[in-house]
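The structure appears right after this line, and notes come after that.
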Amino acid sequence: MASAKVIDTILLIGDSLTQGGWQEGGFAQRLAYVYARKLDVVNRGLSGYNSEWAMPVFEQIFPKKANTGPKVRLLVIWFGANDSCLSPSPQHLPLDLFASNIRQMISMVRSPDSAWYSPETEIILITPPPINEQARAADLASRNPPIALDRSVANSKLYVDAVTEIGRENGIPVVDMHDPIWTATGGDPDKLAEYLNDGLHLTKAGYTILYDRLIETIKKSYPELHHDVLPLVYKHWTELDWKNPRAYLEQ
């Protein structure tokens, strides 16, 4: 029996910021549109998860090297927003353990000794965005029962810097989502609401910054994966034999 026709993928792994990428104007939605019939976008954003909780999921969803199905051509890793929660939040993960998890995900894909070794896969890391402490505190205080502020600007920045350093040491491009949002506000915390709807999650404007920077990074670091240069998996309709559309598929 002939195998099903498959399309290679872009795999997004992260927390609610990744999961939310399917919302209107989200980066996953926009990637799926420009990569249609070129690469399938698989969004495995896990709302509420930190990198430790996500590790067994990653082991399950990333194809092992014996897999004969679609290849992951681009892996986008985006954690840190939950890991950087303040203790005693159950989502809190010590900085060293967080960094170890990101390095482990990279090693799983890059190490020839790994069961998940995939030399066809390129990797991009994304840093957590900034935190709007005032908006986050107000959101948590409005819940029943109220919850104390669980994140801070200073602690979040430590995780931003960790992702940046991991990218540098592994030669992996990093999309910084911290400084560009601050720059867009002109350094005014009151303007963060344009990019963070509750002090944590991105608005459409926030996702626009991410999408633009991600596409720019792909073009610069992995130009062969840019949507403008990838061929269509199925021929353009003008190239078909209109009387026998199966012909080229049977070649």
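Residues: numbered from 1 along the sequence shown.
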Quick one: side chains of residues 196-204, donor-acceptor pairs under 3.5 Å with protein atoms, not counting sequence neighbours, listed by atom name and distance.
| unit_1 | atom_1 | unit_2 | atom_2 | d |
| --- | --- | --- | --- | --- |
| Asp198 | OD1 | Leu200 | N | 3.0 |
| Asp198 | OD1 | His201 | N | 2.7 |
| Asp198 | OD1 | His201 | ND1 | 3.4 |
| Asp198 | OD2 | His201 | ND1 | 2.8 |
| His201 | NE2 | Ser16 | OG | 2.9 |
| Thr203 | OG1 | Glu194 | O | 2.6 |
| Thr203 | OG1 | Tyr195 | O | 3.4 |
| Thr203 | OG1 | Ala205 | N | 3.3 |
| Thr203 | OG1 | Gly206 | N | 3.3 |

(request) Would you mind telling me which of Ile106, Leu93, Asp96 makes a side chain to side chain contact (heavy atoms under 4.5 Å, CB included) with Asn101? (result) Leu93
(message) Between Arg151 and Asn82, is there a side-chain donor-acceptor contact under 3.5 Å, judged purely by atom types and distance?
(response) yes
(request) Establish, from distance only, whether the side-chain atoms of Thr121 and Ser118 form a donor-acceptor pair under 3.5 Å. (result) yes
(message) Can you confirm if the aromatic rings of Phe79 and Phe98 lie within a centre distance of less than 6.0 Å?
(response) no
Once you measure the plane-to-plane angle for [X] and [Y], does it fall in the parallel (<30°), tilted (30-60°) or perpendicular (>60°) bin?
X	Y	value
Trp53	Tyr49	perpendicular
Tyr35	His227	perpendicular
Tyr207	Phe27	parallel

(request) Starting from the C-alpha separation in whole Å, work towards a yes-or-no answer on salt bridge (Lys or Arg N to Asp or Glu O under 4.0 Å) for Asp228 and Lys219. (result) CA-CA 9 Å; Asp228 280 343; Lys219 185 174 184 179; over 6 Å; no
For [X], is the [atom1] atom crowded, meaning more than 12 foreign heavy atoms sit under 6.0 Å from it?
X	atom1	value
Lys64	NZ	no
Glu169	CD	yes
Glu59	CD	yes

Per-pair distances, 0.1 Å, donor-acceptor, side chain in residues 173-192, under 3.5 Å, sequence neighbours excluded:
| unit_1 | atom_1 | unit_2 | atom_2 | d |
| --- | --- | --- | --- | --- |
| Asp176 | OD1 | Thr127 | OG1 | 3.3 |
| Asp176 | OD1 | His178 | N | 2.8 |
| Asp176 | OD1 | Asp179 | N | 3.4 |
| Thr183 | OG1 | Asp179 | O | 2.9 |
| Thr185 | OG1 | Trp182 | O | 2.6 |
| Thr185 | OG1 | Gly187 | N | 3.1 |
| Thr185 | OG1 | Asp188 | N | 3.4 |
| Asp188 | OD1 | Asp190 | N | 3.0 |

(message) Does Arg30 qualify as a cation-pi partner of Tyr211, given the criterion of NZ or CZ under 6.0 Å from the six-membered ring centre and within 45 degrees of its axis?
(response) yes
